[in-house]
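Accompanying notes for the structure given below.
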Amino acid sequence: MEAQGEVKRLVAVLLEFTAGTPDAITAAHEVAEAQIHLQRVLALKSQITGEILEALGGLPEAAQAVSGSRRSAALAAALEALSRLERYERRAYSRRKSASRRFDDVICHPGET
């Protein structure tokens, strides 16, 4: 699975200059997984934003290919999806922030967590 490889790569980067204690490894995994999740959410947001631009006619070749009513329906669907995605984006940022704080605590104060 591609995501697992990316998680392993990020964990290795996070642990490069620290002691690889079990707590540090666990915390690094949490940060890496949160980062991958956030990247996926942001990629989806970018895709939906592109769909909105297409529906608005922001991309000339797409505007010619989509009729007015289909464009309106596509725009409404994309805006609704973007609205729903906002909650996931906030949660993803929050999850990464919490994981980063835990990692910092483990690295800066080993044995105290």
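Side-chain atoms are counted along with the backbone in the values below, which use heavy atoms only and exclude waters and symmetry mates. Nothing fancy with the numbering, it's 1 onward along the sequence.
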(request) Would you check, one step at a time, whether the test side chain to side chain contact (heavy atoms under 4.5 Å, CB included) holds for Leu15 with Phe103? (result) CA-CA 10 Å; Leu15 296 175; Phe103 181 75; 4.1 Å; yes
(message) Would you compute the distance between atom CZ of Arg102 and atom CG of Asp23 and round it to the nearest 0.5 angstrom?
(response) 12.0 Å
(request) Answer with yes or no whether the hydrophobic clustering places Val31 together with Leu10; edges join I, L, V, M, F, W, Y residues whose side-chain heavy atoms lie under 4.5 Å apart. (result) yes
Please tabulate, for side-chain N and O atoms in residues 75-85, each donor-acceptor pair with protein atoms closer than 3.5 Å (sequence neighbours left out).
from: Glu80; atom 1: OE2; to: Arg84; atom 2: NH1; distance (Å): 2.9

(message) Looking at every non-hydrogen atom in both residues, tell me the closest pair between Ala32 and Val7 and how far apart they are.
(response) CB-O, 3.8 Å
(message) Tell me if a side-chain donor or acceptor on Ser94 pairs with a main-chain N or O of Arg90 at a distance below 3.5 Å.
(response) no
(request) Might you point out which heavy atoms bring Gly20 and Ile25 nearest each other, and give the distance in Å? (result) O-CD1, 3.3 Å
(message) Please determine whether side chain to side chain contact (heavy atoms under 4.5 Å, CB included) holds for the pair Leu44 and Gln47, giving the CA-CA distance in whole Å, both sets of side-chain angles, and the decisive distance to 0.1 Å.
(response) CA-CA 5 Å; Leu44 183 56; Gln47 176 186 341; 3.9 Å; yes
(request) Taking all non-hydrogen atoms of both residues into account, name the closest pair between Ala28 and Leu14 and its distance. (result) O-CD1, 3.5 Å
(message) With rounding to the nearest 0.5 angstrom, report the CD to CZ distance, Gln35 to Arg40.
(response) 12.0 Å
(request) Taking all heavy atoms of Leu42 and all of Glu89, pick out the closest pair and write down the distance. (result) CD2-OE2, 3.5 Å
(request) For the residue pair Arg96 and His37, establish whether any side-chain heavy-atom pair is separated by less than 4.5 Å. (result) no
(request) To the nearest 0.5 angstrom, please state how far the CD atom of Gln39 sits from the CD atom of Glu6. (result) 6.0 Å
(message) Testing Thr49, Val41, Ile48 one by one against Lys45 for a side-chain contact (heavy atoms from CB on, under 4.5 Å), which residue passes?
(response) Thr49
(request) Would you name the heavy atoms of Ile107 and Ala24 that are closest together and state the gap between them? (result) CD1-CB, 3.9 Å
